[in-house]
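None of these values were measured; they are calculated from a predicted model. Within every chain, numbering begins at 1; the chains are lettered A, B, ... in the order of the sequence lines, protein sequences first and strands thereafter.
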Protein chains: 4
Amino acid sequence: MFFEIRKSDSMSRRDRERLFKRNEILNASLRIFAEKGFKQTTLDEIAEVSEYGKGTIYNYFSNKEEIYTAIMEEVSFIFSSRIKEIYSENLSVFDFLTNLTKMFFEFYETNQPVFLLMVRIRTDFIESDALNKSELFRCNHTETLGLYREVLQNGIDSGEIKPIDIDNFITFYRGALFHFISHSKHNGNKNSIEENTNFIINIVFNGIFNQ
Amino acid sequence: MFFEIRKSDSMSRRDRERLFKRNEILNASLRIFAEKGFKQTTLDEIAEVSEYGKGTIYNYFSNKEEIYTAIMEEVSFIFSSRIKEIYSENLSVFDFLTNLTKMFFEFYETNQPVFLLMVRIRTDFIESDALNKSELFRCNHTETLGLYREVLQNGIDSGEIKPIDIDNFITFYRGALFHFISHSKHNGNKNSIEENTNFIINIVFNGIFNQ
Amino acid sequence: MFFEIRKSDSMSRRDRERLFKRNEILNASLRIFAEKGFKQTTLDEIAEVSEYGKGTIYNYFSNKEEIYTAIMEEVSFIFSSRIKEIYSENLSVFDFLTNLTKMFFEFYETNQPVFLLMVRIRTDFIESDALNKSELFRCNHTETLGLYREVLQNGIDSGEIKPIDIDNFITFYRGALFHFISHSKHNGNKNSIEENTNFIINIVFNGIFNQ
Amino acid sequence: MFFEIRKSDSMSRRDRERLFKRNEILNASLRIFAEKGFKQTTLDEIAEVSEYGKGTIYNYFSNKEEIYTAIMEEVSFIFSSRIKEIYSENLSVFDFLTNLTKMFFEFYETNQPVFLLMVRIRTDFIESDALNKSELFRCNHTETLGLYREVLQNGIDSGEIKPIDIDNFITFYRGALFHFISHSKHNGNKNSIEENTNFIINIVFNGIFNQ
DNA sequence: CATGAATGAGAATTCATTCAT
DNA sequence: CATGAATGAATTCTCATTCAT
């Protein structure tokens with residue numbers, strides 16, 4: 001499960017239970033949102049999958065959008081954290097992107113719905129404008145971009161990579177990667193994470209020209 | 001406008017008018033579908049934007065899904081045609097992908113909603129299963145893939161490009177390109193079509209490594 | 001066809017044509033009303049079956065209800081006439097009802113939709129209150145009842161039949177007959193008109209008791 | 001009211017309440033269906049008469065047809081049960097039909113809408129094909145017919161009644177009876193149940209011939 | 001007159017949210 | 001808190017009727 005209690009020490013039993021149930025609802029919702037999108041997902045379904053009453057859900061979230069936002073914030077937080085971790089290792093652009101790519105593939109492997117949901121947000125950003133309202137979400141996004149930029153700028157400065165337009169490259173790379181991952185299963189891709197990672201990294205760093 | 005009367009010669013005035021109005025409805029729907037997606041789009045809105053009564057819409061299409069399908073079939077047909085044209089010039093992989101990339105950028109420039117809608121389908125394929133039912137749509141898709149494959153295989157055989165996994169490359173390339181284009185405006189990309197095309201082609205063919 | 005031009009002599013060509021077309025519409029409507037009832041029948045269907053444009057129909061009738069009323073008035077008129085004919089022969093109750101019964105069976109044979117429609121009215125009398133407004137319809141009904149009553153009263157007076165409650169008998173007899181005829185096909189009844197007539201007349205006049 | 005809770009012992013309060021409300025909806029619908037027929041009846045009206053919100057109705061039935069089917073199944077079940085009871089007394093044809101006739105008159109007296117609805121089904125069988133789908137309904141019908149047949153066959157074998165065509169007689173008798181009852185009020189029939197029963201039974205068993 | 005396109009009032013159905021228990 | 005019944009606003013779709021050509 002994606003939503004799990006992590007720092008339960010400092011909480012009262014009541015608070016822990018509350019958080020636990022809240023997470024159960026989020027996990028159920030996550031799966032359905034990922035599969036169907038925001039509008040398509042009904043509260044009846046969330047209630048059924050989460051095995052709580054429909055009314056109960058409203059004790060934890062004040063409306064459907066809030067559930068979606070909570071998920072997206074957590075998702076963006078997790079991704080942001082993972083990226084930060086990799087960033088903190090002070091790697092070359094090549095190693096940074098290799099690790100990043102591997103991390104996304106692994107994430108897909110273990111948390112497919114979360115990943116698909118993230119991809120979906122990038123298209124659906126209009127379906128629910130909750131995200132635009134979410135300070136946290138935008139903040140994570142901006143912060144992450146900053147890390148990417150820094151690594152790439154260093155790579156350019158050190159001569160590791162060509163002096164490309166950084167922001168465009170980020171758009172390009174993330175689009176390619178997320179799309180590739182989310183369509184890989186559908187397209188019958190049977191390669192291992194390493195093979196897929198190498199495939200992408202190879203293209204991006206060396207190109208497909210022979211020589 | 002995307003839907004326009006092309007071969008009106010052989011039609012009666014009545015038929016031409018009917019087609020014209022049908023196209024008006026399609027053009028209006030297209031914009032809204034592109035912006036909001038299938039489920040989000042209401043018939044009231046289509047009626048309002050197309051400036052017809054709600055009932056009138058149903059004189060041209062038997063339900064909402066049929067409008068969506070009609071659009072998608074036309075969109076897929078147009079893209080398929082453009083790709084075929086480029087393919088028929090018997091170009092090298094480099095020139096093929098360069099022209100293709102330019103074509104997609106140009107398409108975005110002149111028919112932004114159509115392009116966005118196409119991108120949306122790739123995520124939304126669940127929202128409406130109309131597409132799965134559309135023989136024409138699937139057919140265009142398969143045919144297009146065949147062209148890609150042939151060009152790439154020739155490129156590999158002739159030694160122009162490395163012996164990459166063709167299907168994975170197609171997934172990668174299309175994902176990258178479509179995502180890049182659809183996010184370029186949102187990301188403040190001010191480059192010309194040529195600049196953007198070169199940017200992408202350069203990465204894909206030469207990589208970002210410095211030498 | 002049920003609606004046919006009968007007295008066309010005194011009419012101008014224009015009037016004859018008008019009447020002819022009006023009848024075509026009525027004949028088409030009749031079939032559909034008989035099969036589906038008033039509400040279920042759409043003007044689109046009437047237009048299609050009658051092979052006239054929807055608008056044309058409104059040149060002959062000012063609304064759907066008027067078509068229905070026109071049919072009902074004609075139907076009630078025809079039945080009323082047939083009953084009058086039989087009545088005018090001054091028959092015994094036995095012969096009167098025998099002829100009447102035979103007539104209804106024959107009518108069903110040649111004009112099944114008309115007959116079914118008539119039966120339907122007896123249940124549907126609420127669906128369209130047109131009938132309540134139709135003076136002619138009520139008039140035919142009353143007149144017919146009068147004939148029945150007279151024949152039966154004469155039969156009672158002459159000692160042919162028992163002194164039964166006349167109005168109740170009429171209700172009973174008509175209900176039985178109409179229901180029997182309209183369900184006969186559905187129930188797999190393969191008897192000839194004579195056999196069916198005898199069957200009913202026999203029960204009504206002699207009863208089913210053995211002796 | 002027609003729908004009432006009968007075996008509430010084994011149910012929880014919640015289930016009892018749910019059943020109670022479901023019955024309220026059915027009773028309201030029954031009246032309207034009887035008066036107007038299936039198509040004519042709107043959910044707005046059912047909601048209004050049953051004094052529930054329109055949405056509430058959908059918590060108990062998944063669509064309008066299901067309400068109609070539920071009613072028809074119950075109606076057919078009740079009638080079937082009553083007929084079985086009378087059948088189980090092993091009566092002569094005369095007593096069987098007398099009791100049956102009385103039962104139908106009594107039923108009309110206490111549950112007029114239910115009776116009218118039943119009569120309506122016999123004409124409307126096309127309006128909603130729900131009935132064709134209802135196994136239970138067809139089953140009750142077939143079973144009931146079987147009882148009629150058995151009683152009549154015994155009557156023929158024992159010499160009580162003439163050797164008539166049984167199926168045709170059933171069609172005749174039921175048509176006559178149902179029509180008579182449903183039109184009696186409308187026709188100003190003021191007789192008691194006994195008088196009406198005797199009237200019909202007398203005709204059917206002894207005929208109207210004077211000796 | 002003939003036509004069929006245009007229309008909107010009306011009907012069924014869905015679903016987020018409220019609320020009494 | 002937990003629950004699910006109640007609700008009505010919103011949505012899709014139908015169809016009698018009008019009207020311009």
[N] [atom2] sits how many Å from [X] [atom1], rounded?
| X | N | atom1 | atom2 | result |
| --- | --- | --- | --- | --- |
| D/E17 | E/dA20 | CD | P | 15 Å |
| D/R13 | F/dG4 | CZ | C1' | 12 Å |
| D/Q40 | E/dA11 | CD | P | 10 Å |
| A/I67 | E/dA16 | CD1 | P | 10 Å |

Looking at [X], I'd like to know whether one of its side-chain N or O atoms comes within less than 4.0 Å of OP1 or OP2 on [N].
| X | N | value |
| --- | --- | --- |
| B/Y60 | E/dA6 | yes |
| C/K64 | F/dA16 | yes |
| D/K21 | F/dA6 | yes |
| C/Y52 | E/dC1 | no |
| C/R18 | E/dC1 | yes |
| B/T56 | E/dT7 | yes |
| C/Y58 | E/dT3 | no |

Distance to the ring centre below 6.0 angstrom and angle to the axis at most 45 degrees; does that hold for C/R18 and C/Y60?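 Satisfied, under 6.0 Å and within 45°.
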Find out whether the Lys NZ or Arg CZ of B/K64 is both under 6.0 angstrom from the six-membered ring centre of B/F38 and within 45° of the ring's axis.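 Geometry flag: set, cation within 6.0 Å and 45°.
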Within the side chain of A/N27, is there an N or O that forms a donor-acceptor pair under 3.5 Å with the backbone of A/F2?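 Here the side-chain-to-backbone pair exists.
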Intermediate values then yes/no, salt bridge (Lys or Arg N to Asp or Glu O under 4.0 Å), C/E17 and C/R13: CA-CA 6 Å; C/E17 278 180 14; C/R13 190 179 58 81; 2.5 Å; yes
Nearest to side-chain heavy atoms of C/N63, which nucleotide of E/dA12, F/dA5, F/dT17: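 Among E/dA12, F/dA5, F/dT17, the one nearest the side chain of C/N63 is F/dT17.
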Applying a 4.0 Å non-hydrogen cut-off, can you work out what D/T41 is touching in the nucleic acid: base, sugar-phosphate, or nothing?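 The residue D/T41 makes sugar-phosphate contact but no base contact.
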Describe the nucleic acid contact of B/L43 in one word from base, sugar-phosphate, nothing, applying a heavy-atom distance below 4.0 Å.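 If one applies the 4.0 Å heavy-atom cut-off, B/L43 turns out to touch the sugar-phosphate alone, with no base involved.
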